[in-house]
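The first residue in the sequence is number 1, and the count goes up from there. Computed from a prediction, not measured in an experiment: that's the story for all the values here.
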Amino acid sequence: MDTQEILSAQHHHEPADHEVWRHLYRQQLDLVPLAAPAIYLEGLDLLGLPADHVPDLDRVNERSRAITGWTFVAVDGLVKGADFFAMLLNRRFPVTNQMRKPEEIRFAELPDLFHDLFGHGPFLAHPRTADLYQEFGRIGVRCAERPDELALLQSIMWTTLEAGLIRTPDGLRALGGAILSSADEIQQCLDPAAATEAFDPEVVRRATFDILQLQNRYFVIEDLAEIESALADLDARVDGGDRS
């Protein structure tokens with residue numbers, strides 16, 4: 001699919017959408033100080049998302065471009081596979097036009113504008129993680145014709161930047177955008193009884209995930225360098241032509 005086919009002008013949001021944004025913002029802002037790593041909280045402050053209305057993407061992009069060069073691009077539906085990674089390579093992050101329904105305040109099955117901006121936006125406003133997202137894009141483009149490697153890259157991204165945890169001096173914190181934009185996922189993943197295990201690309205490669213549900217296992221990294229190392233190994237695998 002040509003990425004240009006799914007680009008869209010920013011959606012006109014109804015009063016109900018703004019009310020959902022206000023509710024979500026208040027709800028998550030109460031949770032993330034004890035659920036998110038410092039790098040996310042710093043990025044959230046830098047991005048300056050409004051608390052009382054659905055953001056205007058032009059204004060968000062003025063800030064994000066000035067900070068890290070990233071642009072949020074309104075799209076209709078999901079951008080998948082190589083098209084998604086091509087956008088990341090060019091520091092363009094697709095954001096879904098739609099807001100979730102009021103009954104999805106605590107958890108939405110599919111990504112919405114709040115998930116994309118509140119969950120991922122702060123990481124794109126911090127230089128360290130902004131570069132990491134772009135590195136996913138660079139390798140994703142290289143893997144475009146290699147389905148096994150592309151699937152592994154997608155699994156690495158899901159288990160880290162979407163639904164992963166990171167260990168900090170203050171304990172486990174949510175690294176994934178899908179977690180940080182969901183009250184129920186925050187509560188579940190940081191429960192002492194949650195099923196957690198050390199991040200291992202080989203384990204991740206064989207694992208299966210239901211992305212439409214709360215997760216039943218969470219992978220933990222000790223440092224962002226673990227993700228960078230996994231990406232470097234995958235990059236080398238592409239260089240070497242290893243399809244094993």
**Request:** Measure across Phe199 and Thr159 and return the closest heavy-atom pair with its distance rounded to 0.1 Å.
**Result:** CE1-OG1, 3.7 Å
**Item:** Shared hydrophobic cluster, Ile211 / Leu161 (ILVMFWY, side-chain heavy atoms < 4.5 Å)
**Value:** yes
**Prompt:** When rounded to the nearest 0.5 angstrom, what distance separates CZ in Phe219 from CH2 in Trp158?
**Reply:** 12.5 Å
**Asked** Does Leu29 CG have over 12 foreign heavy atoms under 6.0 Å away?
**Response** yes
**Asked** side-chain contact (heavy atoms from CB on, under 4.5 Å) between Gln187 and Arg106: does it pass, once the steps are laid out?
**Response** CA-CA 10 Å; Gln187 181 179 6; Arg106 293 187 61 85; 3.3 Å; yes
**Message:** Run the side-chain hydrogen bond (donor to acceptor under 3.5 Å, both in side chains) test on Glu197 and Tyr218 for me, step by step, so that the C-alpha distance in whole Å, both residues' side-chain angles and the decisive distance to 0.1 Å come before the verdict.
**Reply:** CA-CA 6 Å; Glu197 57 190 283; Tyr218 299 94; over 6 Å; no
**Asked** Quick one: does Trp21's side chain have a donor or acceptor within less than 3.5 Å of a partner on Pro50's backbone?
**Response** yes
**Prompt:** Would you find a donor on one side and an acceptor on the other, under 3.5 Å apart, between the side chain of His18 and the backbone of Val54?
**Reply:** yes
**Message:** Check Glu228 with Arg128, please: is the shortest side-chain N to carboxylate O separation under 4.0 Å?
**Reply:** yes
**Asked** Would you find a donor on one side and an acceptor on the other, under 3.5 Å apart, between the side chain of Thr71 and the backbone of Asn61?
**Response** no
**Request:** State yes or no: are the ring centers of His115 and His120 separated by less than 6.0 Å?
**Result:** yes
**Exercise: identify the closest heavy-atom pair between Gly119 and Tyr40** = O-CE1, 3.8 Å
**Prompt:** So, does Asp45 use its side chain to make a donor-acceptor pair with the main chain of Leu41 at under 3.5 Å?
**Reply:** no
**Message:** Give me the atom names and distance for the closest heavy-atom approach of Leu44 to Pro122.
**Reply:** N-CB, 3.4 Å
**Asked** Could Arg205 and Asp200 be called an ion pair, given the rule that one side-chain N must be under 4.0 Å from one carboxylate O?
**Response** no
**Request:** Please lay out, stage by stage, how Arg100 and Leu24 fare under the test side-chain contact (heavy atoms from CB on, under 4.5 Å).
**Result:** CA-CA 10 Å; Arg100 69 188 67 179; Leu24 283 167; 3.7 Å; yes
**Message:** Could you measure the distance from the CD1 atom of Ile156 to the CD atom of Glu149? Nearest 0.5 Å is fine.
**Reply:** 10.5 Å
**Request:** Flag the pair Leu153 / Leu234 as yes when at least one side-chain heavy-atom distance between them is below 4.5 Å, and no otherwise.
**Result:** yes
**Request:** Considering only NZ, NE, NH1 and NH2 on the basic side and carboxylate oxygens on the acidic side, decide whether Arg59 and Glu62 come within less than 4.0 Å.
**Result:** no
**Message:** Please check: side-chain N/O of Glu185 versus main-chain N/O of Ser181, any donor-acceptor pairing under 3.5 Å?
**Reply:** no
**Message:** If you apply the rule side-chain contact (heavy atoms from CB on, under 4.5 Å), what do you find for Met87 with Asp83, and how did you get there?
**Reply:** CA-CA 6 Å; Met87 292 187 73; Asp83 288 319; 5.9 Å; no
**Request:** Would you check, one step at a time, whether the test side-chain contact (heavy atoms from CB on, under 4.5 Å) holds for Val238 with Cys143?
**Result:** CA-CA 7 Å; Val238 174; Cys143 294; 3.8 Å; yes
**Message:** To the closest 0.5 Å, what do you measure between CZ (Phe209) and CD (Glu162)?
**Reply:** 12.0 Å
**Request:** Please examine the side chains of Ile227 and Leu175, heavy atoms only from C-beta on, and report whether any two atoms are closer than 4.5 Å.
**Result:** yes
**Message:** Has Asp233 got a side-chain atom pairing as donor or acceptor with Ala230's backbone, closer than 3.5 angstrom?
**Reply:** no
**Complete:** Rounded to the nearest 0.5 Å, the CZ atom of Arg142 sits from the CG atom of Leu150 at a distance of 13.0 Å
**Asked** Is any side-chain heavy atom of Ile166 less than 4.5 Å from a side-chain heavy atom of Leu172?
**Response** no
**Asked** Less than 4.5 Å apart, any side-chain heavy atom of Leu46 and any of Arg63?
**Response** no
**Fill in**
Closest non-hydrogen atoms of Gln98 and Asp112, given as atom of the first, atom of the second and distance, are O-CB, 3.3 Å
**Message:** Do Leu212 and Leu110 have side chains that approach each other closer than 4.5 Å (heavy atoms only, starting at C-beta)?
**Reply:** yes
**Fill in**
Closest non-hydrogen contact found for Leu190 with Leu34 is CD1-O, 4.3 Å
**Asked** Do any N or O atoms from the side chain of Ser155 and from the backbone of Ala151 form a donor-acceptor pair under 3.5 angstrom?
**Response** yes
**Message:** Please verify the inter-ring angle class for Phe123 with Tyr133; under 30° counts as parallel, over 60° as perpendicular, anything in between as tilted.
**Reply:** parallel
**Request:** Side-chain contact test, heavy atoms from C-beta onward, threshold under 4.5 Å: evaluate it for Pro111 versus Leu78 and give yes or no.
**Result:** yes
**Ionic contact status for Asp131 with Arg91, cut-off 4.0 Å** = yes
**Prompt:** Any side-chain heavy atom of Met157 sitting closer than 4.5 Å to one from Leu88?
**Reply:** yes
**Message:** Can you tell whether the side chains of Asp52 and Arg22 come within less than 4.0 Å, N to carboxylate O?
**Reply:** no
**Message:** Donor-acceptor pair, distance only, cut-off 3.5 Å: does the side chain of Gln215 make one with the backbone of Gln213?
**Reply:** yes
**Item:** Closest non-hydrogen atom pair, Leu47 against Leu117
**Value:** CD2-O, 4.1 Å
**Message:** Check for me, please, whether Leu214 and Ile186 land in the same ILVMFWY cluster - side-chain distances under 4.5 Å, paths through other members count.
**Reply:** no
**Item:** Check: Gln28 side chain, Ala183 main-chain N or O, donor-acceptor pair, under 3.5 Å
**Value:** yes
**Complete:** So OG1 of Thr160 and CG of Leu165: to nearest 0.5 Å the spacing works out to 11.0 Å
**Message:** Pair Phe136, Phe85 - check ring pair (Phe, Tyr, Trp, His ring centres under 6.0 Å), show working.
**Reply:** CA-CA 7 Å; Phe136 270 95; Phe85 290 111; 7.0 Å; no
**Asked** Does the Gln134 side chain pair with the main chain of Leu89, one donor and one acceptor, at a distance under 3.5 Å?
**Response** yes
**Item:** Leu113 side chain reached by Phe118 side chain, heavy atoms, under 4.5 Å
**Value:** no
**Request:** Hey, can you tell me if Phe84 and Phe93 have their rings parallel, tilted or perpendicular (30° and 60° cut-offs)?
**Result:** perpendicular
**Item:** Residues Glu104, Lys101; criterion salt bridge (Lys or Arg N to Asp or Glu O under 4.0 Å); working and verdict
**Value:** CA-CA 5 Å; Glu104 298 177 309; Lys101 304 300 182 185; over 6 Å; no
**Prompt:** Looking only at side chains, do Asp116 and Thr96 share a donor and an acceptor under 3.5 Å apart?
**Reply:** yes
**Fill in**
Interatomic distance, CG@Asp56 vs NE2@His13, rounded to 0.5 Å, equals 9.5 Å
